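Please read the structure below before turning to the comments.
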Amino acid sequence: MGVGPGDHEGLEIRRRVVGRCAGGREVDQASLRSARAGELRASDAGTDVKLAGWVATRRDHGGVVFIDLRDASGRIQAVINPEENPAVGTVADVLRDEYCIALSGLVRKRPEGTINPDLPTGEVEVAVTELRVLSPSEPLPFQIDDRADVDEGRRLEFRYLDLRRPRMAANLVARSRAIAAMRTAMVDQGFLEVETPTLVKSTPEGARDVLVPSRLRQGSFYALPQSPQLFKQLLMVGGVERYYQIARCYRDEDFRADRQIEFTQLDIEGAFWGREDVFAALEPAVAAVARALRGIEIPAPFPRLTWAESMARFGTDKPDLRFGMELVELSDVFAGSGFRAFADVLAAGGLVAGIDAGRRDLSRSALDALVERARDLGARGLVWIVVEDDGTLRSPIAKFLGDEEQAALVSAMQASPGDLLLIVGDRPKVTRLVLGALRLDLGRPEGHDELRFLWVTDFPVFAVGDDGSLSPEHHPFTAPYDITEMRDHPAEALSRAYDLVLNGVELGSGSERIHDPRVQKEVFDVLGISDREAESRFGWFMRALRYGTPPHAGFAVGVDRLVMILQNEPNIREVMPFPKTQSGYDPMTNSPSAVDELQLVELGIDLRPDVREALATDSPDG
RNA sequence: GGGGGUGUGGUGAAGCCUGGAGUUCACGCCGGCCUGUCAAGCCGGAGGUCGCGGGUUCAAAUCCCGUCAUCCCCGCCA
């Protein structure tokens with residue numbers, strides 16, 4: 001079978017035959033429709049139209065049948081009168097939900113008193129003169145409806161039906177508009193869209209790589225890119241100057257509401273750039289998406305916070321600015337406290353801080369639950385204090401606090417009568433983490449009606465592990481502010497890295513990059529990566545830096561997360577056409593799945609005996 | 001890796017705490033009636049190994065243990 005004009009003709013003939021079988025007469029695919037269902041208005045009354053779509057609902061009154069026809073544009077009521085047109089009535093009898101149908105008819109204004117104000121097309125209806133089933137539907141596994149809260153596994157198994165639901169259809173449209181807005185914004189600024197490979201070298205630095213075995217080089221593996229990071233930097237070396245890409249990225253880590261194994265980023269990079277150039281390029285793109293999806297103007301420039309300030313005031317590097325309840329440092333208040341736990345913490349270099357949760361009127365068990373939550377988050381404990389209406393403090397530790405100390409506390413927290421104060425004393429990292437989480441538990445608004453973007457700047461170069469080990473806070477190609485400082489005080493050194501945060505969600509991150517191979521080597525040194533290891537993993541990249549690399553900077557924005565928030569969805573899967581479950585499973589295709597022995601042989605792969613055995617006995621229930 | 005929630009006809013829920021006949025509600029499905037509905041209405045009907053396995057008990061959807069799936073959180077995610 002060759003490819004040529006003959007094959008196209010064959011395809012056409014098959015299509016026509018299928019059409020003839022389905023409708024009992026030849027179906028001319030090109031002229032199935034002369035109008036779109038959701039666009040008909042009173043001004044169209046009197047015109048003959050051809051429509052095609054799906055049966056959304058069928059209301060059979062015996063003497064008159066109503067069919068709500070849905071296509072991608074919306075829905076319209078079609079009216080069938082079996083007495084006037086028995087042939088059409090016969091077809092209408094067999095129609096069921098989600099049959100794919102085509103019809104012809106006359107658009108007319110609805111009779112007095114039957115207008116449906118809830119429908120954009122509610123002033124008109126189509127009097128059907130011809131009706132044809134293009135494709136029947138079996139009874140559905142769930143109803144095509146936004147009202148029912150269908151089990152998500154079921155939705156994913158029949159995702160193609162799920163996508164017919166108005167909410168999902170709207171999310172697909174929103175996603176498409178978001179990406180279109182981004183492309184337009186980038187093109188308008190003179191960016192070049194460049195594709196980078198999806199089969200790349202494995203450089204397991206942060207997340208686990210998704211690996212792809214090579215057939216031609218058995219025993220070797222590609223990785224799917226965690227991001228186009230190094231390739232886009234090479235594009236800067238390559239003189240592209242302004243790069244962008246809607247890039248698919250892969251990270252093999254555990255799933256969360258806002259994390260999938262594969263996801264999409266708006267990836268950008270610019271030569272001769274610093275931070276301000278990045279922000280200036282990105283703000284219009286993000287604002288364009290908000291305009292496209294919400295019809296609102298986001299004030300630019302976005303506000304900024306340094307990482308240190310964000311941690312101190314909100315206990316996190318991705319603060320939700322939509323509400324207050326900021327952390328208050330109480331070290332001065334409790335420096336010589338009668339409450340030994342706090343005094344000891346402070347003496348050991350710890351941090352005591354609190355939040356004012358406002359009037360809560362919580363029961364004792366609810367307060368205990370907060371203490372339990374704090375412990376789950378890693379705190380040794382949590383002190384709650386209720387400011388009574390008479391100004392006295394009710395708390396398990398009230399008796400350890402002197403009058404002066406109590407007054408200083410109320411003053412420092414700016415507490416009002418009735419307020420619930422939550423206080424943690426621990427290592428600074430733990431205190432902030434716990435209070436930051438409690439702040440969200442107690443104050444975070446439902447949904448995302450309000451949008452508060454911000455840049456968080458000046459991240460540390462390295463994150464210090466509990467064992468004192470260093471790892472890159474951003475990634476190892478991020479430029480530090482000061483190389484000497486980085487070498488001498490790596491735990492404190494700041495980098496030219498920044499995050500974009502929206503309503504407490506990290507939308508993306510970027511940085512000014514290292515363009516000097518000597519600096520890059522210094523970073524690897526501090527990280528304890530030997531010359532030999534650096535050469536084998538990143539030698540190809542460091543070599544490129546030696547050929548006149550321009551200073552450059554860039555950023556990547558998580559498209560799924562941005563659309564999720566703008567669409568007010570609780571998780572990323574609602575804005576992905578075909579997502580996977582938390583265990584990386586696709587219930588529709590039953591993927592991942594075992595492969596033929598022959599495929600493995602060709603790849604030079606043999607499964608471990610225990611894995612083989614587990615596969616053989618694997619027969620999951622439910 | 002750890003903690004928590006959920007699993008009941010095709011769908012969504014109630015029943016579980018406090019064991020006593022697969023019981024109930026809504027939607028869907030099948031059949032019938034019906035000329036203005038729009039989540040149509042009315043009448044009738046079918047449909048379930050209560051995720052799976054084990055235990056306790058005279059008796060388990062219900063209590064206990066294990067396991068699987070799924071969702072949320074912690075860890076993890078440069």
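Just so you know, these numbers come straight off a predicted model, no measurement behind them. Proteins get letters first, then strands, A, B, ... in listed order; numbering begins at 1 in each.
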To the nearest Å, how far apart are [X] [atom1] and [N] [atom2]?
{"X": "Leu433(A)", "N": "C73(B)", "atom1": "CG", "atom2": "C1'", "result": "12 Å"}
{"X": "Asp376(A)", "N": "G5(B)", "atom1": "CG", "atom2": "P", "result": "12 Å"}
{"X": "Gln582(A)", "N": "G1(B)", "atom1": "CD", "atom2": "P", "result": "13 Å"}
{"X": "Asp149(A)", "N": "G7(B)", "atom1": "CG", "atom2": "P", "result": "13 Å"}
{"X": "Arg259(A)", "N": "C73(B)", "atom1": "CZ", "atom2": "C1'", "result": "11 Å"}
{"X": "Ile572(A)", "N": "C71(B)", "atom1": "CD1", "atom2": "P", "result": "13 Å"}
{"X": "Asp441(A)", "N": "G3(B)", "atom1": "CG", "atom2": "P", "result": "20 Å"}
{"X": "Glu253(A)", "N": "C74(B)", "atom1": "CD", "atom2": "C1'", "result": "14 Å"}

If pairing requires Watson-Crick or G-U wobble contacts with both distances under 3.5 Å, which nucleotide is the partner of [N]?
{"N": "C30(B)", "result": "G44(B)"}
{"N": "U37(B)", "result": "none"}
{"N": "C17(B)", "result": "none"}
{"N": "U57(B)", "result": "none"}
{"N": "G22(B)", "result": "none"}
{"N": "U70(B)", "result": "G5(B)"}

Side-chain N,O ([X]) to OP1/OP2 ([N]) below 4.0 Å:
{"X": "Ser583(A)", "N": "A69(B)", "answer": "no"}
{"X": "Arg154(A)", "N": "A69(B)", "answer": "no"}
{"X": "Thr57(A)", "N": "C38(B)", "answer": "no"}

Sugar-phosphate only, base, or nothing, as touched by Tyr585(A) at under 4.0 Å among non-hydrogen atoms: sugar-phosphate
Touch class at under 4.0 angstrom, heavy-atom based, for Arg573(A) against every strand present: sugar-phosphate
Check: G12(B) base within 3.5 Å donor-acceptor of Asp151(A) side chain: no
Distance-only donor-acceptor check, side chains Asp586(A) and Thr589(A), under 3.5 Å: yes
Pair Glu569(A)-Asn171(A), side-chain donor/acceptor within less than 3.5 Å: yes
Salt bridge (Lys or Arg N to Asp or Glu O under 4.0 Å) assessment of Asp162(A) paired with Arg155(A): CA-CA 6 Å; Asp162(A) 193 39; Arg155(A) 290 173 55 200; 3.0 Å; yes
For the [atom1] atoms, the ones on [N] and on [M], what distance do you get once it is rounded to whole angstrom?
{"N": "A39(B)", "M": "G28(B)", "atom1": "P", "result": "12 Å"}
{"N": "G7(B)", "M": "C50(B)", "atom1": "C1'", "result": "9 Å"}
{"N": "C52(B)", "M": "G36(B)", "atom1": "P", "result": "47 Å"}
{"N": "U57(B)", "M": "A61(B)", "atom1": "C1'", "result": "16 Å"}
{"N": "A26(B)", "M": "G45(B)", "atom1": "P", "result": "15 Å"}
{"N": "C27(B)", "M": "G41(B)", "atom1": "C1'", "result": "15 Å"}
{"N": "A14(B)", "M": "G9(B)", "atom1": "P", "result": "13 Å"}
{"N": "U62(B)", "M": "G2(B)", "atom1": "P", "result": "25 Å"}

Protein proximity profile, nucleotides 24-37 of chain B - base contact B, sugar-phosphate-only contact S, no contact -, cut-off 4.0 Å on heavy atoms: ---BSSSS--BBBB
Residue from Arg164(A), Arg165(A), Arg167(A) passing salt bridge (charged side-chain N to carboxylate O under 4.0 Å, His left out) with Asp146(A): Arg165(A)
Selection from C74(B), A40(B), U11(B) that lies nearest to any side-chain heavy atom of Arg256(A): C74(B)
Flag if over 12 foreign heavy atoms under 6.0 Å of CG, Asp610(A): yes
Residue Tyr222(A) excluded, over 12 heavy atoms near OH under 6.0 Å: no
Earlier contact from the 5' end, RNA chain B, for Arg75(A) and Arg373(A): Arg75(A)
Nearest-nucleotide 5' precedence on RNA chain B, Gly584(A) against Lys318(A): Gly584(A)
Parallel, tilted or perpendicular: rings of Phe477(A) and His475(A) (30°, 60°): tilted
Parallel, tilted or perpendicular: ring planes of Phe231(A) versus Trp540(A), cut at 30 and 60 degrees: tilted
Heavy-atom closest pair, residues Phe541(A) and Gln520(A): CE2-OE1, 4.3 Å
side-chain hydrogen bond (donor to acceptor under 3.5 Å, both in side chains) involving Arg108(A) - partner list, sequence neighbours excluded: Glu125(A)
